[in-house]
Amino acid sequence: MMDQDNGVMRSQELTGDEYERSVESLRGARLVEVTYYPLSCGDDDTEVAEWDFGVWHQPTMGIGLLAEDGTHYSAVWGHSFDHYGLEVFRGPMSSHLTVIGQPGGTPAVVVTDHPRWSGLIGVPLAGADILWSEGDSEVRLPVAVEPRAPAARVWLVAGRPVQWPPDGRFWLGSDDVMTVFTHEAAVAVGLSPENTEG
């Protein structure tokens, strides 16, 4: 098991083929619900930590996607590829987080109606791509997944700001999950320009 400050994650291994099949299965899916799993904070760990930063969000522990046909997808940070990266599994977030919605655990925040997600809800996804990076370690890592609809896209990223409060600098390949909503923000986070062309 992997422990994070708020919430406990179950470590699951994922092969490259399994990962590509999970991401490919997003093509044609109609999303009906998006749930963030940010950190909790406050004296009794029942408050939701700040996660909305405009063109990017920080749902640190993961993102749950629910498709119209009832399929659940969980986007979490993991280390199946020898270093932290963004991993996508078919199945509910409860398969990965053991303490959800309880003091000391991870809150569940439904963001389906958030304006940044509006172009991706209720329409068939045109596709989803994995953005791989070798980085300094020369290990091929999945740093982001990019689901696309005809009029919108989002990057689900394993990354976080270099410091807090954020100053515009980011680390990729961390044990945190971000969502990024614009091409400019994706480039600022460090995703390769050739993989983020809009």
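Both backbone and side-chain heavy atoms feed into the values below; hydrogens, waters and symmetry mates do not.
In this structure, the ring of W77 has its center no less than 6.0 angstrom from the ring center of Y37.
In this structure, the side chains of M93 and V76 come closer than 4.5 Å at one or more pairs of heavy atoms. Residues L125 and L120 form a side-chain contact, since some pair of their non-hydrogen atoms from C-beta on lies under 4.5 Å apart. R169 is listed as a side-chain neighbour of Q163, based on a closest heavy-atom distance under 4.5 Å. When side chains are defined from C-beta on, F53 counts as touching P166, because their heavy atoms get closer than 4.5 Å. Proximity of V157 to V189: side-chain heavy atoms (C-beta onward) are separated by under 4.5 Å at one or more points.
Residue pairs meeting the salt bridge (Lys or Arg N to Asp or Glu O under 4.0 Å) criterion with at least one partner in residues 51-67, sequence neighbours excluded, are absent.
For A185, the side chain to side chain contact (heavy atoms under 4.5 Å, CB included) criterion is met by V55, V180, T182, not counting sequence neighbours. Residues that satisfy the side chain to side chain contact (heavy atoms under 4.5 Å, CB included) test with R148, not counting sequence neighbours, are D129, E146, R153. Residues forming a ring-ring contact (aromatic ring centres under 6.0 Å, His included) with F181 (at least two apart in sequence, or on another chain): H57, W117. Residues meeting the salt bridge (charged side-chain N to carboxylate O under 4.0 Å, His left out) test with R27, sequence neighbours left out: E24. In this structure, the side chain to side chain contact (heavy atoms under 4.5 Å, CB included) partners of P124, at least two apart in sequence or on a different chain, are R30.
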- Go through the steps for Y36 and T60 under the test side-chain hydrogen bond (donor to acceptor under 3.5 Å, both in side chains), then give the verdict. CA-CA 8 Å; Y36 285 170; T60 301; over 6 Å; no

- Task: Before giving the answer on side chain to side chain contact (heavy atoms under 4.5 Å, CB included), spell out for I63 and Y73 the whole-Å C-alpha distance, their side-chain angles and the decisive distance to 0.1 Å.
- Result: CA-CA 8 Å; I63 303 160; Y73 295 88; over 6 Å; no

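The distance from atom CG of L65 to atom OG1 of T35, rounded to the nearest 0.5 Å, is 8.5 Å. Taking OG of S94 as the start and NE2 of H72 as the end, the distance is 8.0 Å to the nearest 0.5 Å. The OG1 atom of T106 sits 13.0 Å away from atom NE2 of H96, with the distance rounded to the nearest 0.5 Å. Rounding to the nearest 0.5 Å places CG of L39 at 13.0 Å from CD of E47.
Annotation for P38 and P107: closest pair O-CD, 3.1 Å, computed over non-hydrogen atoms. The shortest heavy-atom contact between R160 and D176 is CD-OD1, 2.8 Å. Closest heavy-atom contact between G91 and S74: O-OG, 2.7 Å. Considering every non-hydrogen atom in both F170 and A188, the closest pair reads CD1-O, 3.8 Å. Contact record, S25 with A29: O-CB, 4.4 Å, taken as the closest heavy-atom pair.
In this structure, the side chain of S40 engages the main chain of G105 through a donor-acceptor pair within 3.5 Å. Without hydrogens or angle criteria, S133 side chain to L141 main chain gives no donor-acceptor distance under 3.5 Å. The closest donor-acceptor contact from the side chain of Q58 to the backbone of V177 lies under 3.5 Å. Checking side-chain atoms of S22 against main-chain N and O of E18 turns up a donor-acceptor pair under 3.5 Å.
Linking ILVMFWY side-chain heavy atoms closer than 4.5 Å, directly or via other members, places L156 and V110 in two distinct hydrophobic clusters. By the criterion of side-chain heavy atoms lying less than 4.5 angstrom apart, applied directly or through intervening Ile, Leu, Val, Met, Phe, Trp or Tyr residues, M61 is not grouped with L66; the two fall into different hydrophobic clusters. There is no path of hydrophobic side-chain contacts, each under 4.5 Å, that joins V34 to V123. Connection of W171 to W155 is not established within any shared hydrophobic cluster, with ILVMFWY side chains joined at heavy-atom distances below 4.5 Å, either directly or through further cluster members. Put simply, W132 and V145 are part of the same group of oily side chains (I, L, V, M, F, W, Y) that touch within less than 4.5 Å, one to the next.
Environment of CG in D113: sparse, with no more than 12 heavy atoms of neighbouring residues, nucleotides or ligands closer than 6.0 Å.
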